[in-house]
Amino acid sequence: MTETDTPGHLLTNREIADIFDAVADMLQLKGEIIHRVMAYRRAAESIRQYPRDLRAVAAEDKLTDIEGIGETLAEKIREMLDTGHLEFYDKLREEIPQGLVEILRINGVGPKRAMQFYKELGIATVAELEAAARADKLSQLSGMGAKSQQKIIEGIESLARRSTRVRLDIALTAAERILNALLELPQALYGHIGGSIRRGRATIGDIDLLIASREAMPIMEAFVARPDVTRVLGSGPTKSSVELLNGQQCDLRVLPPERYGTALNYFTGSQAHNIRLRDLAKDRGYTLNEWAFTSLTDGSEITCETEEQVYQQLGLPYIPPELREDRGEIEAGYAGKLPHLIDIGDIRSDLHMHTEWSDGKLTVRQMAEAARAHGLSYIVISDHSQSLGVANGLSVERLWAQREEIRRVDAEMGPNFRVFQGVEMEIRTDGTLDYPDEVLADLDVVIASLHSGLRQPREQVTARLLNAIRNPHVDMIGHPRGQLIPNREPADLDMDAVFAAAKETGTVLEINANPQRLDLDDAHAQRAVQLGVLLSIDTDAHSAGEFDVLRYGIMTARRGWVEAQNVINTWPIERFVNWMKS
DNA sequence: GCCGTTTTCGGCCCGACTGTTTTCAGTCG
């Protein structure tokens, strides 16, 4: 729960979103109409993805410009920004036992059941619910039975091991493993990973898999019998849900190929995007579901084998999965203004990587060869600077020694592959840079990064970053916000100021492709593009295998509506060399 | 509570699965 009890505590976007979500939970328990509940949830999600400080937006009196925020919620946001509290929320908390909100997290228990247990048995905590279930007190309630009671016990047991959101790379690897195994079955024709993995979100809740087949049962049976499944949550002829060993939920749907397009579209989401599409279908006289478009007048069906056909039916161009968040992609589609999203094939170089000179595993030569094997045509070696002792950062002397090796490897690799010397320079906690200007002036590329003092107050940490951006020798900021997924929150930076300074000085901001970072994130990358700030997508590789993380950086960029023209490492070598010189 | 080339009021996506039911409510995504 959020720290709203401290008078004058400055609430962050995230805390405000959490409060709206908590309000939604409590309203739902109270039996409030679902649409009012959903309005709070939509607002929470919208705020969570919003790339600007609500405080700044409120100062401009633009809160209602945010999707899902009307006059009422804008007023509530202002109240929270001004006072650190929301009276409405505090009142609800007095009214609704907080244990009931926790009970909602149990799989299979919703607001109706939770309130039934509370009213009829006085149950107000998960522990009390578990005790009642084990004492066989739930099964006599109306609408309940022995099976429902047992499911609640299992649901409580899985609460502890149930993961919160999982990192994209971990979920993607697990999803590929399961899907590929199922596609080996003779009944399986083809399949996709859907859901938030396909949309490239940085963290993943459930794994969603879709397979085309005319004979679903053998696939369903194989799915629920997998050794990595701990619990079957449900299994029917077209849909099964299981809990995996790591606590993640995995859903599988199997549909015939002629309906695969609507099914994949439905199963990719996002939910908000789907709702919009179904609304649009209605305007055109159809209902849309995972099976087909169905005419509202005569009940006739239009089936779609591909997603392209689904969008075509709605008069839209194909919308790539990464854009399907109802963040303007539908309006852009109708206006013919969808971005031409960057693709992994557009990337010609990697500007951020480490070698054994600091904390990397390989030599300069080995990294160059690995990069070339990954289809790149130039790279920047950017080892750590001197004050990052834990990473064996380079003294000025070692920096010049490394230069000789880099120049030698550059020559050895031939004219079609270039190796440049950069550095990932510490922005020290006192705000100074880690090398004097004359050293920086001699390097091909200078990346400045924050690794320490990330919890400093906003003004202090922002000033450090701005100082680096304004240094004429600093070319790029590495992983600007310093987040580590899923554990470390980003630094409390004034990103409006960071973008303005980057724009003014031409400093590039990185999208670090490491799945633990994905920093800038999607929303901030989009903001950067809107403001005309240049980006770079880099792997930060410390070994050959880590060049593969580029795909996550590309997914993040695509979610941020980034085009190749916004990203400097799509540039041909000549343009890049000119940029380094300027 | 939001939102508007049919609306400032009256809508708000749609279906699968489960367990309890005599036809459906609750939950989930």
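Everything numeric in this text was worked out from a predicted model, so none of it was measured. So that the names make sense, note that chain A is the first sequence line, chain B the second, and so on, each numbered from 1.
- Two rings, from A/Tyr260 and A/His192, have their centers less than 6.0 Å apart.
- When only modelled atom types and interatomic distance are considered, A/Arg201 and A/Ser196 share no side-chain donor-acceptor pair under 3.5 Å.
- On the C1' atoms, B/dC17 is 36 Å away from B/dC9, given to the nearest whole Å.
- One interatomic measurement links the two molecules: CG of A/Leu141 to C1' of B/dT20, which rounds to 13 Å at whole-angstrom precision.
- Across all strands shown, A/Asn289 has heavy atoms under 4.0 Å from sugar-phosphate atoms exclusively, and none from any base.
- Close to B/dT18, at under 4.0 Å from its OP1 or OP2, lies no side-chain N or O of A/Ser148.
- When rounded to the nearest whole Å, the span between CD1 of A/Ile152 and P of B/dC28 equals 11 Å.
- Using a 4.0 Å heavy-atom distance criterion, A/Leu288 is classed as a sugar-phosphate-only contact.
- The closest side-chain donor-acceptor pair between A/Glu45 and A/Gln49 falls under 3.5 angstrom.
- Comparing B/dG1 with B/dT6, their C1' atoms are spaced 23 Å from each other, to the whole Å.
- The CG atom of A/Leu280 sits 12 Å away from the P atom of B/dT6 (whole-angstrom rounding).
- For B/dC12, one of the phosphate oxygens OP1 or OP2 lies less than 4.0 angstrom from a side-chain nitrogen or oxygen of A/Lys282.
- For the P atoms, the distance linking B/dA16 with B/dG11 amounts to 26 Å, nearest Å.
- When the side-chain nitrogen and oxygen atoms of A/Thr238 are compared with OP1 and OP2 of B/dC17, one or more of them lie within a distance under 4.0 Å.
- Side-chain proximity of A/Lys147 to the nucleotides B/dG19, B/dG29, B/dG1 is greatest for B/dG19.
- Residue contacts shown for A/Ser240 are absent, as no nucleic acid heavy atom lies under 4.0 Å away.
- The distance between atom CG of A/Asn107 and atom C1' of B/dG29, rounded to the nearest whole Å, is 11 Å.
- For A/Ile275, taking side-chain heavy atoms from C-beta onward, the closest of the listed nucleotides B/dC13, B/dT27, B/dC2 is B/dC13.
- Residues A/Arg167 and A/Asp169 are paired through a salt bridge, judged by an N-O separation under 4.0 Å between the basic side chain and the carboxylate.
- Atom CZ in A/Arg231 sits about 18 Å away from atom P in B/dC17, given to the nearest Å.
- Across the protein-nucleic acid pair, A/Leu209 atom CG and B/dG29 atom P stand 15 Å apart, rounded to whole Å.
- Using a 4.0 Å heavy-atom distance criterion, A/Ile34 is classed as making no nucleic acid contact.
- Ring geometry for A/Tyr311 against A/Tyr318 counts as perpendicular: the plane angle is over 60°, on a 0 to 90° scale with 30° as the lower cut.
- If you check every strand for non-hydrogen atoms under 4.0 Å, A/Met144 touches sugar and phosphate atoms only.
- A gap of 9 Å separates the C1' atoms of B/dA25 and B/dT21, to the nearest Å.
- Atom CE of A/Met220 is separated from atom C1' of B/dC17 by 11 Å (rounded to the nearest Å).
- Across B/dT23 and B/dC12, the matching C1' atoms stand 27 Å from one another, rounded to whole Å.
- Comparing B/dG19 with B/dG10, their P atoms sit 41 Å apart, to the nearest whole Å.
- For A/Asp251 and A/Ser241, the side-chain atoms include at least one donor-acceptor pair closer than 3.5 Å.
- For B/dG29, neither phosphate oxygen OP1 nor OP2 lies less than 4.0 angstrom from any side-chain nitrogen or oxygen of A/Lys239.
- OP1 and OP2 of B/dG19 both lie 4.0 Å or more from every side-chain N or O belonging to A/Gln150.
- Distance CZ (A/Arg278) to P (B/dG29): 15 Å, rounded to an integer number of Å.
- Among the nucleotides B/dG15, B/dC17, B/dC2, the one closest to the side chain of A/Glu290 is B/dG15.
- Look at A/Lys239 and A/Glu290 and you find no salt bridge, because none of the NZ, NE, NH1 or NH2 atoms lies under 4.0 Å from a carboxylate O.
- Taking a pair to require two hydrogen-bonding distances under 3.5 Å in either a Watson-Crick or a G-U wobble arrangement, B/dT8 remains unpaired.
- Mapping A/Asp251 and A/Ser235 onto DNA chain B by nearest heavy atom places A/Ser235 closer to the 5' end of the strand.
- Separating the P atom of B/dT20 from that of B/dG4 is a span of 44 Å, rounded to the nearest Å.
- Two residues, A/Pro111 and A/Gln271, neighbour DNA chain B, and the one matched to the more 5' nucleotide by heavy-atom proximity is A/Gln271.
- Contact check, A/Trp291 against B/dA16: a side-chain N or O comes under 4.0 Å of OP1 or OP2.
- Residue contacts for A/Arg276: at a heavy-atom cut-off of 4.0 Å it reaches no nucleic acid atom on any strand shown.
- The residue A/Val109 sits close only to the backbone: its heavy atoms come under 4.0 Å of sugar-phosphate atoms, none of a base.
- Of the candidates A/Tyr89, A/Tyr40, A/Phe88, A/Phe20 forms a ring pair (Phe, Tyr, Trp, His ring centres under 6.0 Å) with just one, namely A/Tyr40.
- Among the protein residues, A/Phe267 comes within range of no part of the nucleic acid, since none of its heavy atoms lies under 4.0 Å from any strand.
- Note on A/Thr287: only backbone sugar-phosphate atoms sit closer than 4.0 angstrom, heavy atoms only; bases stay farther off.
- Going from the P atom of B/dT18 to that of B/dT8 covers 45 Å, rounded to whole Å.
- Contact annotation for A/Ala146: backbone-only contact, meaning every heavy-atom pair under 4.0 Å involves sugar-phosphate atoms and none involves a base.
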